[in-house]
Each structure stands twice: as structure tokens, then as C-alpha cells.
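Structure, as C-alpha cells:
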Amino acid sequence: MYKYKNNSKIFFLSTILVLFLTSCVVTKKSVYFNDLPLDSAEVVKLAQFNEPTIQSDDILSITIQTVDIDATAAVNQVSTVPAVGASSASTVGNQVIRGFLVDKDGNVAIPMLGNIKLAGLTTYQARQLITENASKFFKEPTVQVRFANFKITVIGEVERPATYTVPNEKITLLDAIGLAGDLTIYGKRENVMLIRDNGDGEKEFIRFNLNSYDTFKSPYFYLQQNDVIYVEPGKGKVAANNAARTQTISIISAIASLAIVALSRL
């Protein structure tokens with residue numbers, strides 16, 4: 001009887017130890033940037049931000065303003081383009097985007113101004129070019145150019161997987177994850193994949209380890225239009241989805257517990 005009691009105690013203590021160690025490992029892997037020092041401030045220099053350039057099939061929000069608002073009313077007439085995705089407010093569903101479509105030749109047709117080639121330019125360069133053309137028709141025009149369909153897709157183990165259209169072209173990896181409601185408890189923070197379309201039928205695959213603050217130093221920290229973020233599920237998700245396995249483990253654990261209790265009373 002003494003022997004069985006000792007075995008019971010050893011089993012109990014071993015179980016507690018395993019659970020404790022497992023908890024520590026899981027917690028460590030669930031914390032972002034856990035390699036940052038706790039007792040001092042750390043300054044990290046971010047990678048350089050490169051402004052995205054306009055490409056075919058982009059939709060641009062272009063407005064031309066002068067002192068006389070009615071004078072530019074015809075120029076600012078834009079068409080609407082349906083799109084599927086989510087807004088920055090995480091409202092998933094069909095969206096209507098208002099703007100000027102960049103055609104396959106890289107041109108934008110603006111009323112009165114005609115076709116202007118904007119492909120390959122940043123929004124700042126496009127604004128300068130449109131201002132130059134608009135000055136032929138209007139006195140001291142003010143031009144604004146933004147991407148109307150700058151979208152990022154976040155899929156995998158996040159709370160709200162979707163394609164998000166964002167109003168700001170300077171978006172980071174963490175911004176995209178925040179839009180998607182953060183990673184779930186099953187998401188592998190040490191293995192987040194970025195899929196980028198480099199054109200000409202080429203895809204680039206980059207992996208991030210969100211447990212390390214080296215993420216901030218990556219040249220891919222700033223996202224580009226049409227980037228896809230994929231969060232891989234961890235082993236916990238696989239186990240959670242395997243109902244039969246979970247049920248079997250529960251039954252075995254219950255039988256083992258009953259056996260230990262029975263043996264301890266002999």
C-alpha cells in the first residue's frame with residue numbers, strides 16, 4: 001500500500017511538472033517580441049519605407065480643386081467599381097470603390113485633361129504630373145492623389161481573415177494583423193508568412209518570427225499593395241480539430257485516474 005501511495009504521489013507530481021513546463025513554453029511562444037530586454041529601453045531602427053508605385057488595374061482617388069468649386073465639378077466625376085473585401089473598420093462584405101481606373105497601358109482618363117500615363121509613378125509624382133496638366137485649364141489647382149483600392153489580405157489563424165482595403169499606403173505587418181483582430185491562440189507567431197506578387201508571374205515568400213523584435217528591422221516590414229499574410233496553425237489547432245483523438249485521451253486519462261485511486265486504497 002505504501003508503494004502504491006508513493007507511485008500515486010510521483011504520478012501526481014510528474015503531471016503537475018509537465019503541465020507547468022508546457023504552460024511556460026506555450027506562454028513564451030505566445031508573447032510578441034519576447035527577446036526585448038525588460039529592464040531597459042530598446043531603440044530599433046526601422047527598415048526604409050519605399051513608396052508604392054501605381055500599376056495597371058489600380059483605382060486612384062483623384063480630386064482637383066480650385067477657388068471656384070463648380071469649375072472642377074466635371075473633372076472630379078468618377079465611376080464606381082465594385083469590390084469584395086473588408087474596410088479598415090473590419091466590415092466584411094461587398095464594397096463600392098469610387099475612383100479612376102488605371103488601364104492596361106498605365107493611363108488614367110480624366111475628363112477635360114485626357115489620358116495621363118501614371119503607371120510606375122508614386123502618388124506624389126502623379127500629383128505633380130496631374131497638377132501640371134490641370135494648370136493648362138485651371139488657375140492654381142490643388143490636386144490630391146491616393147490609392148482607392150490599396151488592399152492587404154490576411155488569412156490563416158487570425159480572428160477576422162479577409163481582404164482589407166486601407167486608406168493609408170504606409171501600412172506595416174503589425175497594422176495588417178491588427179486589422180484582422182490579432183492572431184488566435186493557435187497561430188504560430190514564430191512562422192508568419194508574407195506572400196508578395198513581384199509581377200511577371202513571380203511570387204516571393206518571406207517568413208517572420210513575431211517572437212523576435214528583428215521583425216521591425218526587416219525590409220518587408222512595410223507592406224505593399226496586394227500582399228498576402230498567412231498565419232500558420234500550430235500543433236494545438238490540429239489537436240483541437242481531432243475530436244476522436246481528444247476523446248480517446250480523455251477516456252484514457254479518466255481510467256488512469258480511477259486506477260490510481262483504486263490502487264492507493266488497497
Side-chain angles (χ1 to χ4, degrees), residues 46-153 162-173 175-176 179 196-202 219-228:
L46 298 180
Q48 182 179 356
F49 170 69
N50 296 316
E51 291 188 62
T53 56
I54 298 168
Q55 303 174 9
S56 297
D57 294 327
D58 280 344
I59 302 174
L60 302 177
S61 172
I62 302 174
T63 57
I64 302 175
Q65 297 177 328
T66 62
V67 176
D68 184 0
I69 299 177
D70 296 331
T72 56
V75 182
N76 293 322
Q77 291 180 0
V78 297
S79 59
T80 58
V81 180
V84 178
S87 68
S88 57
S90 68
T91 303
V92 180
N94 293 326
Q95 299 181 78
V96 175
I97 300 177
R98 295 174 56 85
F100 294 89
L101 178 66
V102 182
D103 65 23
K104 62 179 181 180
D105 296 321
N107 298 320
V108 172
I110 303 177
M112 295 182 64
L113 306 187
N115 287 335
I116 302 177
K117 190 174 184 62
L118 299 180
L121 303 179
T122 65
T123 53
Y124 174 78
Q125 293 169 332
R127 183 165 68 247
Q128 289 181 313
L129 181 58
I130 296 173
T131 300
E132 181 181 333
N133 282 267
S135 297
K136 300 175 184 177
F137 301 91
F138 309 104
K139 183 178 180 180
E140 299 181 354
T142 300
V143 178
Q144 296 294 331
V145 180
R146 298 179 67 88
F147 286 99
N149 69 328
F150 195 96
K151 60 183 183 295
I152 301 296
T153 300
T163 297
Y164 293 88
T165 302
V166 295
N168 185 2
E169 61 196 48
K170 190 175 183 180
I171 179 172
T172 69
L173 172 68
D175 292 331
L179 286 175
R196 175 166 295 175
D197 188 353
N198 286 335
D200 297 327
E202 292 184 354
Y220 298 94
F221 182 65
Y222 290 104
L223 303 181
Q224 295 181 8
Q225 185 175 189
N226 299 320
D227 277 354
V228 177

(request) Take Val108 and Ile130 through the test side-chain contact (heavy atoms from CB on, under 4.5 Å) and record every step on the way to the result. (result) CA-CA 10 Å; Val108 172; Ile130 296 173; over 6 Å; no
(request) Working to the nearest 0.5 Å, report the span between CG of Leu121 and CZ of Arg127. (result) 12.0 Å
(message) If I compare all heavy atoms of Phe147 with all of Glu169, which pair ends up nearest, and what's the gap?
(response) CD1-OE1, 3.3 Å
(message) Out of the candidates Ile64, Ile110, Val143, Ile116, only one should pair with Asn133 under the side-chain contact (heavy atoms from CB on, under 4.5 Å) rule; please name it.
(response) Ile116
(message) Nearest 0.5 Å, please: how far is CD in Gln144 from CG in Leu60?
(response) 13.0 Å
(message) Please report the interatomic distance OG1(Thr172) to CG(Leu46), rounded to the nearest 0.5 Å.
(response) 9.0 Å
(message) Rounded to the nearest 0.5 Å, what separates atom CG in Asn226 from atom CD1 in Ile152?
(response) 7.5 Å
Please tabulate, one pair per line, all N/O donor-acceptor pairs under 3.5 Å involving side-chain atoms of residues 50-57, not counting sequence neighbours.
unit_1: Ser56; atom_1: OG; unit_2: Asp103; atom_2: O; d: 3.1
unit_1: Ser56; atom_1: OG; unit_2: Lys104; atom_2: O; d: 3.3

(message) Just verifying a value: how many Å separate Ile62 CD1 and Leu118 CG, rounded to the nearest 0.5 Å?
(response) 6.0 Å
(request) Write down the atom of Phe150, the atom of Asn168, and the distance for their closest heavy-atom approach. (result) CD2-O, 4.3 Å
(request) Of all the heavy-atom pairs spanning Arg146 and Thr123, show the shortest one and how long it is. (result) CA-CG2, 4.4 Å
(message) Quick check against the 3.5 Å criterion: does Lys117 have a side-chain atom that pairs as donor or acceptor with the backbone of Asp105?
(response) yes
(request) First locate atom OG1 of Thr131, then atom CZ of Phe138, and finally report the distance between them rounded to the nearest 0.5 Å. (result) 12.0 Å
(request) Ignoring hydrogens and angles, tell me if any N or O in the side chain of Asn149 forms a donor-acceptor pair with the backbone of Ile59 under 3.5 Å. (result) yes
(request) Work out which heavy atom in Leu223 is nearest to a heavy atom in Arg196; give both atom names and the distance. (result) CA-NH2, 3.8 Å
(request) Locate the shortest heavy-atom distance separating Leu113 from Phe137; write the atom from each residue and the value. (result) CD2-CD1, 3.4 Å
